[in-house]
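Just the heavy atoms: all of them, side chains too, but no hydrogens, waters or symmetry mates, feed the values below.
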Amino acid sequence: SDQLLKLEQIELRKQDEEEKELGQISNKVYKHYCLAIGLVLTFLTLLSLTLMQTSRNLTDFWLSYWTQTHLNSSSQPSPSRIHVLNPFTVHFYTPNGFIDPNQTFDNNNNSSSSSNFFFLVYGSLCLSNTVFTLFRAFLFAYSGITAGKFIHKSLIKSLSRAQIKFFVVTPRGRILNRLSSDIYCIDDSLPFILNIFLANSFGLVGILVVTCYSLPWFSLSLIPLAVLYYSIQNFYRWTSRELKRLSSVSLSPVYTHFHETLTGLTTIRSFRQVSRFLKQNESYLSNYIKASYVSAAAGQWLNFRLQMISVAMITVVGFTAVFQHVYSTANASLIGLALSYILTVTGLLNGLITTFTETEKEMVSVERVHQFESLEAENWKGKQEVDAQWPARPTIDFINVVLKYDVDGLNALDDVSFSINAGEKLGICGRTGSGKSSLFMALFRAVELHVGTIRVNDTNVRDLDLETLR
């Protein structure tokens, strides 16, 4: 008997535990979020990101090219010429020889026109980068609002059409957790962190392309660094993702216990069980805080290792620049551009994996809400149509009705049969759990009958649309 009691307790504990996914986020979750945004809006957002990063890198590259062109033109030696000095003319002497004032004036004009051209192109690139950045910010904000509205509407629709059995077996804390915490993440946190993640991704790609173009030998070091980076981020992602799931699952008992405590506050005080409920609340909060603390510790573990990878990249770029300079294969302006870019890679690498992991963690909310969007719905469509005046003078007949709230549960109504004629008034009496509310559940098809038939004016209610019936 003790063994059977333990088995029953284990089974009840399994029913109380909230379902959670395992492993990486499924592709169908990302697909669901993209569909919530809209395929056209998703494409336009990614296009604006690509154009924004491209225009930014072209702006820096053009500035580097402008600097190199100016250095080349100013360092060109003048051809050696013999000047006949005229006492009535002013002559200028430079390390490159005498300069004719008239020729200097023409060179200044050419230099001024060249500078205007470079400045015009540079200003156009800056303006285009500003425009693309504004488009990207607007499209991301609009996409987040669109996805949040679509997912929230789908969740409410699914819950409003779900069977009563779902609300009987599901604690209210789980439903409140989806409607509050998870919806907040989808509305606010997910678009914000996804925006930063994509910006970091495109920024890192731009930095690596420019650096490899400026210092081709640097590309050889990317292979071992990429393997090391992938192994670290993969280990961290799996850990942090499961910690996020544990955090979300451990939050539902807090909501459930709080709701039950408020509902039964009078009973708790009358039986002097306040201290026990306080200890339970502290236990639930402690479990939630443990998961959050371990998640923060994992973030610090990742931060240290990414800084070491960034130091290695900066060192490789520095040695490569010196090596190419010794063999006169280096472009000074491009090396300066590469060095200025690679110095920012520490923050980008850290931000990339952090935002990617945070994006996955926030996508857990989409995953959890998506579980409730596929609930088993009531059968709203019927086979039989009735006129607008139905039922004019209704008669209700219960014929051998058997109702169960759960397939394996006890009968709430057991072989109930009776008839009610039009115009009759009657009262239903009985103790708690005798089946008074179950009669109305069966009549309005809030719960489908296990056995039997209910007729209104000789029409089987199973064949009617729920909207018409109710």
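- Judged purely by atom type and a 3.5 angstrom limit, Ser295 has no side-chain atom pairing as donor or acceptor with the backbone of Ala291.
- Side-chain contact between Thr54 and Phe132 is absent, with no heavy-atom pair separated by less than 4.5 Å.
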- Please test Leu194 against Tyr33 for side-chain contact (heavy atoms from CB on, under 4.5 Å), starting from the C-alpha separation and ending with a verdict. CA-CA 12 Å; Leu194 182 61; Tyr33 189 72; 4.1 Å; yes

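- With rounding to the nearest 0.5 Å, the separation of CD1 in Ile186 from CE in Met363 is 8.5 Å.
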- Task: For the pair Asn281 and Thr261, evaluate side-chain contact (heavy atoms from CB on, under 4.5 Å) and give the outcome as yes or no after the intermediate values.
- Result: CA-CA 10 Å; Asn281 184 50; Thr261 303; over 6 Å; no

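- Using a 30° and 60° split on the angle between ring planes, Tyr236 and Trp301 fall in the parallel class, below 30°.
- Relative ring orientation between His32 and His370 is described as tilted, the plane-to-plane angle lying within the 30° to 60° band.
- Thr42 approaches Cys34 most closely through the heavy-atom pair OG1-O, 3.7 Å.
- Val205 has its side chain out of reach of Gln53: every pair of non-hydrogen atoms, C-beta onward, lies at least 4.5 Å apart.
- Thr320 places a side-chain N or O within 3.5 Å of a backbone atom of Val316 that can act as its donor or acceptor partner.
- The line from NE2 of His450 to CG of Asp414 is 10.5 Å long, rounded to the nearest 0.5 Å.
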- Could you go through the ring-ring contact (aromatic ring centres under 6.0 Å, His included) check for Phe277 and Phe271 one step at a time? CA-CA 12 Å; Phe277 274 78; Phe271 282 90; over 10 Å; no

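- The closest donor-acceptor contact from the side chain of Asn129 to the backbone of Met52 lies under 3.5 Å.
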- Task: Just do the side-chain contact (heavy atoms from CB on, under 4.5 Å) check on Val311 and Thr315 with the steps written out, would you?
- Result: CA-CA 6 Å; Val311 169; Thr315 303; 4.2 Å; yes

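- Within 6.0 Å of CZ on Arg269 lie no more than 12 heavy atoms contributed by other residues, nucleotides or ligands.
- Rounding to the nearest 0.5 angstrom, the gap separating the OG atom in Ser201 from the CD1 atom in Ile196 is 11.5 Å.
- Put simply, OG1 on Thr133 and CG on Leu49 are 9.5 Å apart, with the number rounded to the nearest 0.5 Å.
- Shown here for Pro191 and Cys185, the closest heavy-atom pair between the two residues is CD-O, 4.1 Å.
- Annotation: Arg305, atom CZ; neighbour count of heavy atoms from other residues, nucleotides and ligands within 6.0 Å is above 12.
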- After noting the C-alpha distance and the side-chain angles of Leu302 and Phe235, does the key distance pass the side-chain contact (heavy atoms from CB on, under 4.5 Å) rule? CA-CA 10 Å; Leu302 173 71; Phe235 184 80; over 6 Å; no

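- Inter-residue side-chain proximity for Phe304 and Met308 is flagged as met; some heavy-atom pair is nearer than 4.5 Å.
- Crowding of Ile223 atom CD1: a count of heavy atoms from other residues, nucleotides or ligands under 6.0 Å not exceeding 12.
- For the pair Lys31/Leu35, a side-chain contact is recorded, criterion being any heavy-atom separation below 4.5 Å from C-beta on.
- With Ser270 contributing its side chain and Thr267 its backbone, the two residues share a donor-acceptor pair below 3.5 Å.
- By the 6.0 Å contact criterion, NZ on Lys436 is enclosed, its count of non-hydrogen atoms from other residues, nucleotides or ligands being greater than 12.
- Under the 4.5 Å side-chain criterion, counting only non-hydrogen atoms from C-beta, Phe61 is not in contact with Val210.
- The two residues Ile37 and Thr146 come nearest to each other via the heavy atoms O-CG2, 3.7 Å.
- Inter-residue side-chain proximity for Arg136 and Asn195 is flagged as met; some heavy-atom pair is nearer than 4.5 Å.
- Taking all atoms of both residues into account, the shortest heavy-atom contact from Ile454 to Leu449 is CG1-CD1, 3.8 Å.
- Considering only heavy atoms from C-beta on, Phe140 comes within 4.5 Å of Thr45 through its side chain.
- Once rounded to the nearest 0.5 Å, the distance linking CE of Met313 with CG of Leu225 reads 6.0 Å.
- Using a 4.5 Å cut-off on side-chain heavy atoms (C-beta onward), Ile156 and Leu179 make contact.
- Looking at every heavy atom in both residues, Gly206 comes nearest to Asn57 through CA-OD1, 3.4 Å.
- Ser231 places a side-chain N or O within 3.5 Å of a backbone atom of Leu228 that can act as its donor or acceptor partner.
- Atom CZ of Phe166 is surrounded by more than 12 heavy atoms from other residues, nucleotides or ligands within 6.0 Å.
- Side chain of Gln233 to main chain of Tyr230: a donor-acceptor pair is present (N/O by atom type, distance under 3.5 Å, no hydrogens or angles).
- Summarising the local packing, OH of Tyr142 is surrounded by 12 or fewer heavy atoms from other residues, nucleotides or ligands at distances under 6.0 Å.
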- Task: Start with the C-alpha gap between Ser252 and Asn177, add the side-chain angles, then the distance that decides, and say whether side-chain hydrogen bond (donor to acceptor under 3.5 Å, both in side chains) holds.
- Result: CA-CA 6 Å; Ser252 294; Asn177 197 4; 2.8 Å; yes

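- A donor-acceptor pair is defined here as one N or O able to donate and one able to accept, closer than 3.5 Å; no such pair exists between the side chain of Ser154 and the backbone of Glu373.
- The shortest non-hydrogen separation linking Leu125 to Ser55 is O-CB, 4.4 Å.
- One finds the CG atom of Leu352 at 9.5 Å from the OG1 atom of Thr359 (value rounded to the nearest 0.5 Å).
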